[in-house]
Amino acid sequence: MESMLETALSQFHGAADHLGLNDEHREYLTSFKTAFHTEFPVEMDDGKFRVYQGFRVHHNVARGPAKGGMRYASHVSMDEVKAMAMLMTWKCAVVNVPFGGAKGGVLVDPRNLSQNELQNLTRRFTSELEPIIGPDKDIPAPDMGTNPQVMAWIMDTYSMSHGYTVAGVVTGKPVALGGSAGRFEATGRGLLYVLQEHLRADGGVAGKTFAVQGFGNVGGVVSKQVQMAGGCITHLSDVDIAITSPTGIDVASAFNFVQSGGTLTGWNEQHGHHDVISHASILTAPVDVLIPAAVEGVLTEDNAGDVQARLILEAANGPTTTEADAIFLERGIEVIPDIVANAGGVTVSYFEWVQARQYIRWTEERVNEELRRLITTAYQGVAGRRTAARSKASLRDAANWVAIERVVEAMTLRGIYP
Ligand code: GLU
């Protein structure tokens, strides 16, 4: 099966062909400024220590400091992190926030760690990252398996070694520590704003049916947002269970249950009582819109032909392989690509970073308004670019053209030194 890095590179080269990019730019943009790998010990609750692997990659910083999430997951690898860092470069460029791309993570299943062990791991990893992160260098944020508490520990560890509080070193912090109002919901809210814009001439969100794969920070919030906008979630899954209800699942109730420490399985047993289905059937469910909000590489040549939704909103990063993309284009299934669809998170991270550096606070209304403006503008720019091309292109192609052009422009203006 195609790896995430292969997918990212093949998408890049497709766009580079269309743009007629020269070989030097191709070589530069498929290389990585920094690829950091460390193996570090963590003290466990039983008094022994265990060694973990950590990664942090900066892809390209022509447009500003490197920016991207930090994931704790049992599939993290250098290649995965490289692919994700590259996607962050394009994502920041397409929404036009002044950042380059980064990503990092630790190879660990955080569900197997106590809070104390999670804290020890985070603090030790942060101290290993000390030379390469910083508010003007590289600004981590939450991703799979991490959350505002983890960001608070990163911020504190970095600040302790500098002797003063450096709030701008991470985003996605708790609001009480200088996190931005609206950051926690930002990715989900941005997904809804993009969807509303896409469906403006097509009846809007209300009354449409949805299948959502993933019920974490992104899947949970986008489900709630879609439900509040009148959409009906008929199919839903997390890592443990997949459920369906023809009349709709009360995802707001389920997400509140999960946020207060429960599981989707527990919620369904106590409250939902919905039919349990196979995980695979979520992606091929008979719905109007499919939202993959879990891991990468789930839509492949094996299942793309069976997808029944007419629209795919990529909440996860990299959920669609190159082969699946080609099948969707052929079948007339529209894909709103990750780098536009889920850019609400990094957009509000940018707002958080700006607020931290100016020691000011925006209201949640202002955050949401600015988010809607930036992400809607980005979507319109991409859709307009595709229309102007008059060729059979996907929204992903158009998004990559816009993003790569912006990065190349910045690289060219800066020049190569010395
Ligand atoms: N992890 C999120 C993403 O993949 C957010 C990154 C950020 O806010 O820097 O876009």
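Whatever order the structure lists ligands and atoms in, that order sets their numbers, starting from 1.
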*asked:* Within the 3.5 Å criterion, strictly below it, is a donor on Glu197 or Thr376 matched to an acceptor on the partner's side chain?
replied: no

*Backbone, side chain, both or neither: what part of Met144 comes under 4.0 angstrom of ligand 1, heavy atoms only?*
neither

*Kindly assign one of parallel, tilted or perpendicular to the pair Tyr158 and His162, based on the angle between their ring planes and the thresholds 30° and 60°.*
parallel

*If you have a sec, work out which protein heavy atom is nearest atom 1 (N) of ligand 1 and how many Å separate them, to one decimal?*
Asp143 OD1, 2.7 Å

*Would you mind running through ligand 1 and noting each atom that sits below 4.0 Å from a heavy atom of Gly345?*
8 (O)

*Should the ring pair Phe40 and Phe125 be called parallel, tilted or perpendicular, given that the plane angle runs from 0 to 90° and is split at 30 and 60?*
parallel

*What are the atoms of ligand 1, with element, lying closer than 4.0 Å to any heavy atom of Gly69?*
1 (N), 6 (C)

*Return yes when Met70 approaches ligand 1 closer than 4.0 angstrom through a heavy atom, no otherwise.*
no

*Identify the protein heavy atom lying closest to atom 7 (C) of ligand 1, giving its residue, its atom name and the separation to 0.1 Å.*
Ala141 CB, 3.3 Å

_Side-chain donor-acceptor pair present, Asp397, Ser394, cut-off under 3.5 Å_ = yes

*Under a 4.0 Å heavy-atom limit, does Pro142 contact ligand 1 with its side chain, its backbone, both, or neither?*
backbone

*Which protein heavy atom lies closest to atom 9 (O) of ligand 1, and at what distance to 0.1 Å?*
Lys67 NZ, 2.8 Å

*Are any of the side-chain nitrogens in Glu128 or Arg124 under 4.0 Å away from the carboxylate oxygens of its partner?*
yes

*Which of the atoms of ligand 1 are close to Gly68, meaning less than 4.0 Å from one of its heavy atoms?*
9 (O)

*Do Glu314 and Arg396 meet the salt-bridge criterion of a basic N to acidic O distance under 4.0 Å?*
yes

*Would you mind checking which non-hydrogen protein atom is closest to atom 4 (O) of ligand 1, with the distance to 0.1 Å?*
Asn317 ND2, 3.0 Å

*ligand 1 to Ile139 polar contact by distance, N or O atoms, under 3.5 Å*: no

*For atom 5 (C) of ligand 1, find the nearest protein heavy atom and state the residue, atom name and distance (0.1 Å precision).*
Arg183 NH2, 3.7 Å

*So which heavy atom in the protein is nearest atom 8 (O) of ligand 1, and how far is it from that ligand atom?*
Ser349 OG, 2.6 Å

*Would you call the rings of His59 and Trp90 parallel, tilted or perpendicular, where under 30° means parallel and over 60° means perpendicular?*
perpendicular

_Using side-chain contact (heavy atoms from CB on, under 4.5 Å), reason through Val402 and Arg386 one step at a time and then give a plain yes or no._
CA-CA 10 Å; Val402 171; Arg386 175 170 68 174; over 6 Å; no

*Should the ring pair Tyr350 and Phe99 be called parallel, tilted or perpendicular, given that the plane angle runs from 0 to 90° and is split at 30 and 60?*
perpendicular

*Quick one: nearest non-hydrogen protein atom to atom 10 (O) of ligand 1, plus distance?*
Lys91 NZ, 2.7 Å

*Which of the atoms of ligand 1 are close to Met88, meaning less than 4.0 Å from one of its heavy atoms?*
3 (C), 4 (O), 6 (C), 10 (O)

_Can you see whether Ser349 engages Arg183 through a side-chain donor-acceptor pair at a distance of less than 3.5 angstrom?_
yes

